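It should be emphasised that the depicted structure is a prediction, and the values quoted were computed from it without experimental measurement. Throughout, protein chains are lettered first and strands after them, A, B, ... in sequence-line order, and every chain is numbered starting at 1.
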2 protein chains.
Amino acid sequence: MGRLDNNLKIGNEKHFATELITMNEVLKTIGGKWKLKLILALTHGDKRFNELKTFVIGISPRALSKELKELERDGLVKRLVYDEPVLLVNYQLTEIAWKLNGVIRELTSWCAWYKEAFLESQPNDWSHEVM
Amino acid sequence: MGRLDNNLKIGNEKHFATELITMNEVLKTIGGKWKLKLILALTHGDKRFNELKTFVIGISPRALSKELKELERDGLVKRLVYDEPVLLVNYQLTEIAWKLNGVIRELTSWCAWYKEAFLESQPNDWSHEVM
DNA sequence: CGGGATCCTAGATGATACTG
DNA sequence: CAGTATCATCTAGGATCCCG
């Protein structure tokens with residue numbers, strides 16, 4: 001197997017370098033503990049700050065605020081302010097965030113496989129889940 | 001929009017609760033800074049410890065060791081020891097890990113959309129990438 | 001209601017050196 | 001080569017209170 005530190009580089013490795021960079025970009029944008037969960041929540045419709053806080057179990061206002069800012073900065077979420085009659089702020093997915101549906105679908109079906117293939121043979125206790 | 005704290009629950013919300021749990025499970029298994037990168041590296045063929053350390057840029061032996069143990073514990077990676085003539089250890093993806101290909105494919109194509117749709121309009125500087 | 005400001009801790013991660 | 005051990009760091013995240 002070729003190595004990066006000699007002159008003989010096989011195609012796979014250059015390809016992998018590109019993939020690695022892509023993965024870094026993706027993880028910076030939708031990685032972390034809350035981003036995908038928030039996006040998932042918003043696929044069920046626009047939500048307000050406190051709605052998100054209720055739906056996404058376990059998130060603190062501080063974390064929610066920070067995550068939403070980052071998602072907005074990165075173009076995944078739009079912040080819509082309605083000032084009449086009271087202050088309401090709605091968070092809404094952008095087009096590009098909606099395209100994460102494919103990712104979410106794959107993750108979900110992978111998880112189903114995973115539970116069937118692995119967990120049943122060797123109970124990994126997810127029931128202690130704190131969320 | 002209904003809320004979780006009253007008796008009127010709409011279908012979406014129960015569905016969302018399930019999705020949220022799924023997402024938690026997924027993130028526990030393949031979330032974090034290194035897991036997907038390691039899996040990606042191994043899709044290019046089995047690799048030894050130090051090969052992985054070279055390929056997955058920036059990972060320390062400590063982190064690599066820990067991540068590999070977790071991946072093995074969770075049934076995503078097999079550890080193959082060859083003792084002749086010198087000690088060699090190969091890490092190999094399991095069947096269930098190979099099924100993450102769909103996820104990786106979706107992530108990659110989403111990233112391409114993302115860069116086209118967002119980055120070109122508003123340069124988010126990924127060139128400072130430390131990895 | 002939609003957050004911001006503060007304080008704080010646990011766990012994740014890095015750097016480096018070392019061992020069988 | 002395949003890791004471990006140790007130490008230091010860093011920071012995401014929680015708890016809590018506050019404010020317009």
Side-chain angles (χ1 to χ4, degrees), chain A residues 1 3-6 23-24 27-38 41-42 46-74 77-92 128-131, chain B residues 1 3-6 23-24 27-38 41-42 46-74 77-92 128-131:
Chain A
M1 222 164 264
R3 302 281 291 284
L4 286 176
D5 53 4
N6 63 32
M23 196 55 71
N24 265 327
L27 292 178
K28 278 204 169 180
T29 313
I30 58 168
K33 187 175 179 181
W34 299 115
K35 299 256 164 68
L36 272 178
K37 295 180 190 178
L38 287 170
L42 290 172
D46 303 1
K47 304 219 178 317
R48 286 174 291 110
F49 190 89
N50 281 311
E51 280 181 319
L52 282 170
K53 197 153 67 66
T54 303
F55 275 67
V56 180
I57 301 164
I59 196 166
S60 69
R62 171 184 160 79
L64 180 54
S65 173
K66 182 192 153 227
E67 300 290 309
L68 285 172
K69 271 182 191 156
E70 291 175 4
L71 287 171
E72 195 190 355
R73 177 200 67 195
D74 293 341
V77 157
K78 271 176 287 196
R79 184 171 180 275
L80 307 171
V81 182
Y82 305 101
D83 223 341
E84 333 94 13
V86 292
L87 176 68
L88 286 184
V89 181
N90 252 309
Y91 290 92
Q92 181 176 74
H128 298 147
E129 226 26 76
V130 183
M131 304 212 329
Chain B
M1 223 164 261
R3 302 282 290 285
L4 287 175
D5 52 5
N6 63 32
M23 197 55 71
N24 264 327
L27 292 178
K28 278 203 170 181
T29 313
I30 59 167
K33 187 175 180 179
W34 299 113
K35 299 257 164 68
L36 272 178
K37 295 181 190 176
L38 287 170
L42 290 173
D46 303 1
K47 303 222 178 314
R48 285 175 293 110
F49 189 90
N50 282 311
E51 281 181 320
L52 283 169
K53 195 152 69 63
T54 303
F55 276 69
V56 180
I57 302 165
I59 195 167
S60 69
R62 172 184 160 81
L64 180 54
S65 173
K66 184 194 153 224
E67 300 290 307
L68 285 173
K69 272 180 190 156
E70 291 175 5
L71 287 172
E72 195 190 354
R73 178 201 64 195
D74 294 341
V77 157
K78 271 178 287 195
R79 185 172 179 274
L80 307 171
V81 183
Y82 305 100
D83 222 339
E84 331 94 13
V86 292
L87 177 67
L88 286 184
V89 181
N90 253 308
Y91 290 92
Q92 181 177 72
H128 297 146
E129 226 23 80
V130 183
M131 304 218 321

* Structure fact -> Distance col, row A:Leu88:CG vs A:Asp46:CG, nearest 0.5 angstrom, shows 12.0 Å
* Asked: Would you say A:Ser65 reaches C:dG4's phosphate, i.e. side-chain N/O to OP1/OP2 under 4.0 Å?
  -> yes
* Structure fact -> Here the distance between atom P of D:dG13 and atom CH2 of A:Trp34, to the nearest Å, is 8 Å
* To do: Rounded off to whole Å, could you give me the CZ-to-C1' distance for the B:Phe49 and C:dG20 pair?
  => 15 Å
* Structure fact -> Taken to the nearest 0.5 Å, the spacing of B:Leu27 CG from A:Lys35 NZ works out to 12.0 Å
* Asked: If you pin A:Glu67 and A:Pro61 to their nearest nucleotides in DNA chain D, which one's is more 5'?
  -> A:Glu67
* Look at all strands and tell whether A:Tyr82 reaches a base, only sugar-phosphate, or nothing, counting heavy atoms closer than 4.0 Å. => nothing
* At what distance, to the nearest 0.5 angstrom, does NZ of A:Lys37 lie from CD1 of A:Ile59? -> 8.5 Å
* **Closest to the A:Lys33 side chain, choosing from D:dG14, D:dA2, C:dG2** => D:dG14
* Separation of atom CD in A:Glu51 from atom C1' in C:dG2, rounded to whole Å -> 12 Å
* Hey, does B:Lys69 reach any base, or is it just sugar-phosphate, or nothing, if we go heavy atoms under 4.0 Å? -> sugar-phosphate
* Spacing of A:Leu38 atom CG and A:Ile30 atom CD1 [to the nearest 0.5 Å] -> 12.5 Å
* To do: Measure the distance from NZ on B:Lys66 to P on D:dT4 and round it to the nearest whole Å.
  => 13 Å
* Asked: Would you say C:dC1 has OP1 or OP2 under 4.0 Å from some side-chain N or O of A:Tyr91?
  -> no
* Measure the spacing between NZ of A:Lys33 and NZ of B:Lys28 and express it to the nearest 0.5 Å. => 9.0 Å
* Closest-nucleotide ordering on DNA chain C, the 5'-leading residue of B:Ala63 and A:Asn90 -> A:Asn90
* Structure fact -> Of B:Ser60 and A:Leu87, the one whose closest nucleotide on DNA chain C sits nearer the 5' end is A:Leu87
* Structure fact -> With five pairs defining each end axis, the helix from C:dC1-D:dG20 to C:dG20-D:dC1 comes out bent, to 10°, by 50°
* To do: Measure the CG-CG distance between A:Asn24 and B:Leu36 for me, rounded to the nearest 0.5 Å.
  => 11.0 Å
* To do: Answer with base, sugar-phosphate or nothing: what part of the nucleic acid does B:Val89 contact at a heavy-atom distance below 4.0 Å?
  => sugar-phosphate
* Asked: A:Asn50 has an atom CG; how far is it from atom C1' of D:dC19, in whole Å?
  -> 14 Å
* Rounded to whole angstroms, how far apart are NZ on A:Lys37 and C1' on D:dA12? -> 13 Å
* Do A:Tyr91 and A:Arg48 get their side chains close enough for a donor-acceptor pair, meaning under 3.5 Å? -> no
* **Euclidean distance, atom CG of residue A:Leu64 to atom C1' of D:dT16 [Å, nearest integer]** => 16 Å
* For the pair made of CD in A:Glu70 and P in D:dA12, what is the distance, rounded to whole Å? -> 8 Å
* Hey, does A:Leu64 have a side-chain heavy atom less than 4.5 Å from the side chain of A:Leu52? -> yes
* Asked: Is there a donor on the side chain of A:Arg62 or the base of C:dT6 sitting less than 3.5 Å from an acceptor on the other?
  -> yes
